[in-house]
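It should be emphasised that the depicted structure is a prediction, and the values quoted were computed from it without experimental measurement. Residue indices begin at 1 and follow the sequence shown.
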Amino acid sequence: MSHMTNSLATVDQLYRRTASFGALPSDLQDAIFFATQSLTQAAGLLLRIPQFVTAQASVVLARYWLEDSLLANEFSDVSAASLFLVAKLSAHPCRPRDVCNVYAYLLSPSSPLLRPKAEPSASSPRPEPDPSSYYLSESAYGAFQARILALESRIMYKLGFDTHVALPHGLAVTYLQALDFCGHSHPSSSRAKITRRVTAYLNTALLSPQLLYLTHQPNSLAVAAIYSAARDAEIAAKMPECPWWEIFDVDREELGFLVVGMRSLEGLVRKLQNEFDGFNQSGMVTRDDIKAEMARRGLKMSNGGGLVTNVAELDEEDAMMQSLDRRAEVMES
């Protein structure tokens with residue numbers, strides 16, 4: 001049964017993650033995670049990689065960030081390295097050139113990723129993408145490839161070379177069959193609709209900063225997705241009267257937490273758009289964007305990784321220390 005379960009994040013790992021990123025506001029951490037996972041999913045589509053490979057890459061990326069700092073590398077580089085690594089270990093490997101070209105496009109102004117949707121009209125048709133905006137020169141390709149290969153090795157080292165990921169998608173289909181949602185008692189259109197909705201909830205959970213795939217086993221995620229899909233107004237599926245989730249080894253408290261987590265992502269993104277200036281408006285989030293947002297809020301990283309709430313006070317302190325150093329040098333001379 002080990003191939004159907006995952007190694008979950010420990011309490012110590014979650015605590016160290018919170019402590020090491022304590023200087024970074026939680027909403028910025030959520031923005032980084034959501035944007036990077038969205039980028040990974042988009043890259044998987046353009047590379048024509050099966051969804052299960054892209055989903056495994058998303059889980060590997062989340063595990064890596066349990067062990068390493070969010071700001072240690074550019075977020076897009078971590079996404080590309082994770083996808084390249086997992087695809088290489090699967091039956092659907094990608095050439096480095098293809099990965100670099102896809103990420104160059106997704107990070108360019110021509111990409112619609114993480115930008116507001118502009119509805120074309122007769123007066124303002126949809127603008128054509130500019131190929132020059134995502135052209136990758138040989139030197140840029142070489143630098144990007146070098147970063148990906150270096151990060152690939154670092155991810156493997158941080159994960160202890162354990163890249164096994166069990167996904168809940170197959171279990172969800174099996175559970176739907178056990179609950180007779182895929183049987184003859186339901187119309188074919190209804191069966192397809194609930195299956196698509198369950199898959200959508202499972203894929204959405206990959207983007208959640210609550211790390212649902214790192215804190216719960218696949219069977220729990222599958223049950224929560226089925227419960228959420230059946231409760232949607234568009235589906236309105238009739239569920240058994242008994243606590244059916246217990247058959248699949250999921251208790252009520254865990255089910256409730258997962259359902260709330262899966263359904264709360266839309267509200268979280270809307271909140272980030274209101275609090276994070278430029279989020280979901282100008283493309284992929286970068287480390288420079290995070291630094292600029294912290295400066296806008298009057299926050300700044302200190303040398304020890306702490307959070308300084310007043311930039312002016314920090315500047316005065318630096319100036320005073322420099323003045324004392326100069327005086328010491330004069331006295332010594």
Sequence neighbours excluded - salt bridge (charged side-chain N to carboxylate O under 4.0 Å, His left out) pairs with any residue from residues 25-53:
Asp27-Arg297
Let me know which of Ser110, Cys100, Pro131, Ser133 forms a side chain to side chain contact (heavy atoms under 4.5 Å, CB included) with Tyr105.
Ser110
For residues His92 and Pro50, determine if any side-chain heavy atom of one lies less than 4.5 Å from a side-chain heavy atom of the other.
yes
hydrophobic_cluster_shared for Met239 and Val250, side chain cutoff 4.5 Å
yes
Could you check Asp232 against Arg263 for salt bridge (charged side-chain N to carboxylate O under 4.0 Å, His left out), going step by step and ending with a plain yes or no?
CA-CA 10 Å; Asp232 283 351; Arg263 289 173 169 266; 2.8 Å; yes
In this structure, are over 12 heavy atoms from other groups packed under 6.0 Å from Asp249 atom CG?
no
Any Lys/Arg nitrogen of Arg252 or Glu246 sitting under 4.0 Å from an Asp/Glu carboxylate oxygen of the other?
no
Does atom CZ of Arg95 have more than 12 heavy-atom neighbours, drawn from other residues, nucleotides or ligands, at distances under 6.0 Å?
no
Distance in Å, Tyr201 OH paired with Arg196 CZ, rounded so as to fall on 0.5 Å steps
14.5 Å
Using 30° and 60° as the class limits, which term best fits the ring planes of Phe276 and Phe279: parallel, tilted or perpendicular?
parallel
Kindly work out whether a path of hydrophobic side-chain contacts (I/L/V/M/F/W/Y, heavy atoms less than 4.5 Å apart) joins Leu167 to Leu89.
yes
State plainly whether the residues Glu152 and Lys88 are in salt-bridge range, i.e. N to O under 4.0 Å.
yes
Who are the side-chain contact (heavy atoms from CB on, under 4.5 Å) partners of Glu138, not counting sequence neighbours?
Arg97, Tyr141
Side-chain heavy-atom pair Val59, Asn6 within 4.5 angstrom cut-off
no
Value for CG (Asp77) from CZ (Arg147), rounded to nearest 0.5 Å, stands at 4.0 Å
Run the salt-bridge test on Lys193 and Glu234 with the 4.0 Å N-O cut-off and return the result as yes or no.
no
Once rounded to the nearest 0.5 Å, what's the spacing between atom CH2 of Trp65 and atom CG of Asn73?
9.5 Å
Are Val260 and Phe34 linked, directly or through other ILVMFWY residues, by side chains that come within less than 4.5 angstrom of each other?
no
Transitive ILVMFWY side-chain link Leu151 to Leu136, under 4.5 Å
no
Could you walk me through whether Ser90 and Gln56 pass the side-chain hydrogen bond (donor to acceptor under 3.5 Å, both in side chains) check?
CA-CA 10 Å; Ser90 72; Gln56 289 174 335; over 6 Å; no
In sequence, state the C-alpha distance, the side-chain angles, and the governing distance for Thr5 and Gln217, and then conclude on side-chain hydrogen bond (donor to acceptor under 3.5 Å, both in side chains).
CA-CA 6 Å; Thr5 58; Gln217 293 292 355; 4.8 Å; no
Which of Ser76, Ser79, Ser82 passes side chain to side chain donor-acceptor pair (under 3.5 Å) with Thr40? It is Ser79
Value for OG1 (Thr204) from CD (Gln41), rounded to nearest 0.5 Å, stands at 9.5 Å
Check the hydrophobic clustering (I, L, V, M, F, W, Y; side-chain heavy atoms under 4.5 Å; chains of links allowed) and say if Val99 and Tyr135 are grouped together.
no
When you measure from the side chain of Ser208 to the backbone N and O of Ala205, does any donor-acceptor pair fall under 3.5 Å?
no
Nearest 0.5 Å, what's the CD1-CG distance between Ile155 and Asp68?
9.0 Å
Can you confirm whether more than 12 heavy atoms, excluding those of Lys158, are under 6.0 Å from its NZ atom?
yes
Looking at CG of Leu159 and CZ of Arg63, how far apart are the two atoms once the value is rounded to the nearest 0.5 Å?
7.5 Å
